[in-house]
Asks: 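Dropping a structure here in structure tokens format, bear with me for questions.
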Amino acid sequence: MINLTDSAVNAVKSAISSSTQPAGGLRIMVEAGGCNGFKYTMGLVEEPKPDDKVIECGDLKVFVDDKSHQHLVGTTIDFVMALESSGFTFHNPNATSSCSCGKSFS
């Protein structure tokens, strides 16, 4: 299970409502790269791919492929507003280490 905080859900809904492209939900993926081995990527998409798991957070749909899902089980995604930077943060219990930017892990 992947959890989004209320703040993250509101940020995604705001992005969907201001998007010029049709958006049916949020795709979250884990890809090779970053400074620690894997990196998180997110983006608005119109619909899930055939092999995606669809996670519902209230009326928001989150799409995750099987390969990424194994890295994200138990992860909580938050949206934080701070003076030095604002954005999504990932609290991933599967990560053995992460970089200081919080966008990559191993």
Asks: Look at the side-chain heavy atoms of Ile, Leu, Val, Met, Phe, Trp and Tyr, link any pair under 4.5 Å apart, and say whether I16 and V62 land in one connected group.
Replies: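 Same cluster.
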
Asks: Supply the atom-to-atom distance N3 CG to I55 CD1, rounded to the nearest 0.5 angstrom.
Replies: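 Reported value, rounded in 0.5 Å steps: 8.5 Å.
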
Asks: Cut-off 3.5 Å, no hydrogens considered: what does the side-chain donor-acceptor table look like for residues 73-81, sequence neighbours left out?
Replies:
from	atom 1	to	atom 2	distance (Å)
T75	OG1	L72	O	2.9
T75	OG1	N92	OD1	3.3
D78	OD1	T5	OG1	2.6

Asks: So, for F88 and A11, which heavy atoms are closest and what is the spacing to 0.1 Å?
Replies: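 Looks like CZ-CB, 3.9 Å.
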
Asks: With sequence neighbours excluded, give me every salt bridge (charged side-chain N to carboxylate O under 4.0 Å, His left out) pair touching residues 12-27.
Replies: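 Salt bridge (charged side-chain N to carboxylate O under 4.0 Å, His left out) check on residues 12-27 returns K13-D59, R27-D52.
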
Asks: If the condition is side-chain contact (heavy atoms from CB on, under 4.5 Å), which residues does T20 pass it with, not counting sequence neighbours?
Replies: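 Partners of T20 by the side-chain contact (heavy atoms from CB on, under 4.5 Å) criterion come out as none, since no residue qualifies.
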
Asks: For the pair D66 and K53, evaluate side-chain contact (heavy atoms from CB on, under 4.5 Å) and give the outcome as yes or no after the intermediate values.
Replies: CA-CA 7 Å; D66 282 336; K53 293 188 183 316; 3.3 Å; yes

Asks: Is the closest side-chain heavy-atom distance between L26 and M42 below 4.5 Å?
Replies: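 SC-SC contact between L26 and M42 confirmed.
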
Asks: Should the heavy atoms of other residues, nucleotides or ligands under 6.0 Å from CG of D6 be counted, would the total exceed 12?
Replies: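 Result for CG/D6: open.
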
Asks: Restricting to salt bridge (Lys or Arg N to Asp or Glu O under 4.0 Å), what partner residues turn up for E56, sequence neighbours left out?
Replies: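 Salt bridge (Lys or Arg N to Asp or Glu O under 4.0 Å) check on E56 returns K61.
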
Asks: Linking I/L/V/M/F/W/Y whenever their side-chain heavy atoms sit closer than 4.5 Å, directly or via other members, would L4 and M29 fall into one cluster?
Replies: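 Not linked; separate clusters.
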
Asks: Evaluate side-chain contact (heavy atoms from CB on, under 4.5 Å) for H71 paired with F38, printing each intermediate quantity in order.
Replies: CA-CA 9 Å; H71 296 290; F38 293 105; 3.8 Å; yes

Asks: Please name all residues satisfying side chain to side chain donor-acceptor pair (under 3.5 Å) with D65, sequence neighbours left out, ordered by chain then number.
Replies: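 D65 satisfies side chain to side chain donor-acceptor pair (under 3.5 Å) with S68 only.
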
Asks: For A82, does its backbone N or O pair with a side-chain atom of S86 as donor and acceptor, under 3.5 Å?
Replies: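 Yes, because the side chain of S86 sits within donor-acceptor range (under 3.5 Å) of the backbone of A82.
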
Asks: Same cluster for F90 and M1 if Ile/Leu/Val/Met/Phe/Trp/Tyr side chains link at under 4.5 Å?
Replies: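 Per the 4.5 Å side-chain linkage, F90 and M1 are co-clustered.
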
Asks: My understanding is that only residues two or more places apart in sequence, or in another chain, count here; which of them pass salt bridge (Lys or Arg N to Asp or Glu O under 4.0 Å) with D51?
Replies: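 Not a single residue meets the salt bridge (Lys or Arg N to Asp or Glu O under 4.0 Å) criterion with D51.
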
Asks: Heavy atoms only: give me the nearest T41-E31 pair and the separation to one decimal.
Replies: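 Smallest interatomic distance, heavy atoms only, reads CG2-OE1, 3.4 Å.
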
Asks: What's the verdict on side-chain contact (heavy atoms from CB on, under 4.5 Å) for F63 and V45, showing C-alpha distance, side-chain angles and the deciding distance?
Replies: CA-CA 9 Å; F63 311 130; V45 295; 3.4 Å; yes

